[in-house]
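Working notes for the structure below.
Each chain gets a letter, A, B and so on, in the order the sequences are listed, and its residues count up from 1.
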Amino acid sequence: MTTTAYTPIDTDYEVVIGLEVHSQLLTKSKMFCSCSTNYANAAPNTHVCPVCMGMPGVLPVINQEAVKYTIMTALALNCSIPEYSKFDRKSYHYPDLMKGYQISQYDIPLSNDGYLNIQHEGQERRIGITRVHLEEDTARSLHHQGYTLIDVNRAGTPLMEIVSEPDMRSPEEARLYMQKLREILIYIGVASGRMEEGSLRCDANISVRPRGQQALGVKTEIKNMNSFRSVERALEYEAQRQIEVLRNGGKIRQETRGWIENKGITVTQRVKEQADDYRYFPEPDLPPLIIDHTWVEEIRSQLAELPDTRRVRYQDEYALSEQDANVLTEDKPVGDYFEQIVAVSAVKDRKARAKAASNWLLSEVVRLLKANSLSIQETKLTPKAVANLLDLLDKERITGKQAKDVLDEAFSSGELPEAIVEKKGIKPPISDQGTLERIIEEVVAKNEKAVTDYKNGKTNAVQMLIGQVMKQTRGQAKADIVQSLLRKKLDELQG
Amino acid sequence: MIDRETVKNVAKLARLGLGEDEVETFGNQLSAILDHIHILQEADVSGVSPTAHASRLTNIMRADVPQPSYAPEVLLANAPDQDENCLKVNAVLEEA
């Protein structure tokens, strides 16, 4: 299962990376109070109450849905869910949490000891998950010249922290892990995964050591990476920086460094405080949680299909290629749409239908979506309409060429393809062999030069002749039938 | 007796500036408090499992249903300083 680690940066040194990923949860209300989490476009401090503002004497109450989402994530990441869990106060002295502490989980998180598999260079790598725990987000700081404004809307939003083991061996693996994790969070429906909006964030612990050395090197913590690309770039820079320091006989200082995107460098933010400086202690306002086994099993049974399972199923159940299965899985709504096409299709050969659905979806429908800057959830084209189009093709009611035009129309109008075919008066393709043979004979008779070219080995002359036949039939002949009949005719002439 | 370095460290973590004489004063006071609390060590807790919470409550949770928040002017009424409906504080340095 675990394969030899890979480090592209410097073969003398091995890079060791662990990630701490924070994800906001898609609950409707905040972690410890009932303020709405729907503040994305709201004016400052309109989604705030005395609890999330940290006023004295208030009482936080745990949001059960946030606990459920955390357990769902933990199960998707193969973690254990201990029976007992509790919240702790973590001392914190920045104005973005007015209480002077963050409610988090210290020594008994909701879950621990899981893993996530990533595929790297055709091999599977297992990345350990140390723990998944629940805490609260901070307020937003708006920095101005000489002062800072605090908008408390975000404070108290449920924030899940997923801590990995230091199992990644290259910045690329760190990016792959991050992408896989995001995919899972979106699949199980607990998070939006929007890194650009800060709802999914990532800090990295990174160290280097001479290859072959067992002991870990001194690590730095890297913050401020706001995209998959910056995760990979920042860690490449930092690994190289550490290697340079060691090469020149220097020592790595344990510290927090920030990634400066536009300069492509990391800089010292602060020298790392020791863990016990946070002065964790059990949160006296929140009684502990006893996580009932039957609740966990109920959550497990409701857990949506995970992306890896879906990928394999598409190949097993529908005989799709690995490539197509990957593309359909990457974006969950696209895969869901594909399944709906198959589900509404009344066909005997489900594999053939699935293959056709996948082909049309990934080529033509995706092309139309891109051209119109729409997501698959926004299009008027229903899965039923695509299935209807495939039915018309199966019945040879329309040709492939006509199907593309009909799809264009269905995409913009939302009508069913069969209605469009009727409306436009598209006649069924000429499949009568006698009719086609007669047309072919006429075309061959009128195009002696092309026929001679063909006899002299210019096989592409066939294309010209096919074009002529299609023209005669006004596109109502099936190109493959025309081609085989024409070749037969030409070969007769040759012989 | 708490040593001076511990007192200074605690003060630093709490963002409190103490003068040298205050280190002495508060050191003595903190020591007295700890000595007083120390009486708890006399309790026999053999056979009692450690607990994180004094109440016997567990699983106090609420349904995920949003309720109206407070008006910004009410929330900011007691703020030492405000601007643009936000709390206004001294500049926070992001980077050293």
Side-chain angles (χ1 to χ4, degrees), chain A residues 27-30 33-38 43-50 52-53 55 61-67 86 88 91 93-96 98 108 139 141-152 224 258 260 267-270 273 277 279 282-284 286-292, chain B residues 2 5-18 30 33-34 37 40 45 48-96:
Chain A
T27 55
K28 295 184 184 72
S29 65
K30 291 188 181 179
C33 65
S34 299
C35 288
S36 165
T37 52
N38 185 21
N45 293 308
T46 52
H47 290 58
V48 183
C49 73
C52 47
M53 186 159 255
M55 290 191 179
V61 187
I62 297 165
N63 182 339
Q64 181 161 5
E65 198 75 350
V67 175
K86 69 177 172 73
D88 301 274
S91 300
H93 296 279
Y94 289 93
D96 56 9
M98 284 120 271
I108 314 180
S141 301
L142 306 153
H143 301 288
H144 293 264
Q145 194 65 41
Y147 64 97
T148 297
L149 295 181
I150 308 289
D151 171 10
V152 191
N224 210 26
I260 312 289
V267 296
T268 300
Q269 281 187 331
R270 63 188 161 89
E273 291 176 70
D277 275 1
R279 304 281 154 132
E283 169 57 82
L286 296 171
L289 295 174
I290 307 291
I291 305 297
D292 186 25
Chain B
I2 296 180
E5 287 314 305
T6 306
V7 176
K8 283 182 182 173
N9 189 39
V10 170
K12 182 175 157 245
L13 292 172
R15 305 299 194 264
L16 296 172
L18 297 188
L30 282 172
I33 291 166
L34 288 180
I37 296 292
L40 290 173
V45 291
V48 180
S49 54
T51 181
H53 209 263
S55 81
R56 304 233 166 159
L57 299 169
T58 58
N59 295 2
I60 305 299
M61 293 190 265
R62 44 169 251 279
D64 181 31
V65 180
Q67 302 288 342
S69 296
Y70 283 51
E73 54 272 22
V74 176
L75 293 161
L76 297 171
N78 295 324
D81 199 1
Q82 56 173 289
D83 193 11
E84 300 174 37
N85 268 341
C86 289
L87 295 158
K88 189 174 177 184
V89 299
N90 293 337
V92 179
L93 293 180
E94 283 270 281
E95 286 146 30

Checking [X] against chain B: side chain, backbone, both or neither under 4.5 Å from a heavy atom?
{"X": "Lys28(A)", "value": "both"}
{"X": "Cys52(A)", "value": "neither"}
{"X": "Thr27(A)", "value": "both"}
{"X": "Pro95(A)", "value": "side chain"}
{"X": "Leu286(A)", "value": "backbone"}

TODO: Can you sort out the partners of His53(B) under ring-ring contact (aromatic ring centres under 6.0 Å, His included), two or more places apart, ordered by chain and number?
DONE: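 If we apply the ring-ring contact (aromatic ring centres under 6.0 Å, His included) test to His53(B), skipping adjacent residues, there are no hits.
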Enter the distance from [X]:[atom1] to [Y]:[atom2] here, rounded to the nearest 0.5 Å.
{"X": "Tyr70(B)", "Y": "Met55(A)", "atom1": "OH", "atom2": "CE", "result": "8.5 Å"}
{"X": "Arg62(B)", "Y": "Cys33(A)", "atom1": "CZ", "atom2": "SG", "result": "6.5 Å"}
{"X": "Ser69(B)", "Y": "Lys30(A)", "atom1": "OG", "atom2": "NZ", "result": "6.5 Å"}
{"X": "Asp83(B)", "Y": "Leu142(A)", "atom1": "CG", "atom2": "CG", "result": "10.5 Å"}

Please determine, among [options], the option with the most heavy-atom pairs under 4.5 Å with chain A.
{"options": "Thr58(B), Asn59(B), Leu76(B)", "result": "Asn59(B)"}
{"options": "Ala79(B), Pro72(B), Ala63(B)", "result": "Pro72(B)"}
{"options": "Pro66(B), Pro68(B), Ser55(B)", "result": "Pro66(B)"}
{"options": "Leu57(B), Asp81(B), Val74(B)", "result": "Leu57(B)"}
{"options": "Asn85(B), Val89(B), Asn9(B)", "result": "Val89(B)"}

What part of [X] is in contact with chain A, defined as an atom under 4.5 angstrom from a non-hydrogen atom: side chain, backbone, both or neither?
{"X": "Val10(B)", "value": "side chain"}
{"X": "Asn78(B)", "value": "neither"}
{"X": "Val65(B)", "value": "backbone"}
{"X": "Asn90(B)", "value": "backbone"}
{"X": "Glu84(B)", "value": "both"}
{"X": "Ala54(B)", "value": "neither"}

Task: Contacts of type salt bridge (Lys or Arg N to Asp or Glu O under 4.0 Å), residue Glu283(A), not counting sequence neighbours - done: Arg89(A)
Open item on the list: Looking only at heavy atoms and a cut-off of under 4.5 Å, which of Thr46(A), Ile108(A), Ile291(A), Ile150(A) has the most pairs with chain B?
Closed with: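 Maximum pair count with chain B is reached by Ile150(A).
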TODO: Could you check which of Val48(A), Asp151(A), Leu289(A) has the highest count of heavy-atom pairs closer than 4.5 Å to chain B?
DONE: Val48(A)
Open item on the list: Please evaluate residues Gln67(B) and Ser29(A) with respect to the criterion side chain to side chain contact (heavy atoms under 4.5 Å, CB included), reporting the C-alpha separation (whole Å), side-chain torsions for both, the decisive distance (0.1 Å), and the verdict.
Closed with: CA-CA 8 Å; Gln67(B) 302 288 342; Ser29(A) 65; over 6 Å; no
Open item on the list: Is a donor from one side chain sitting under 3.5 angstrom from an acceptor on the other, for Asn63(A) and Asp64(B)?
Closed with: yes
Task: Sole candidate of Thr148(A), Leu149(A), Asp96(A), Val152(A) that passes side-chain contact (heavy atoms from CB on, under 4.5 Å) when paired with Leu87(B) - done: Val152(A)
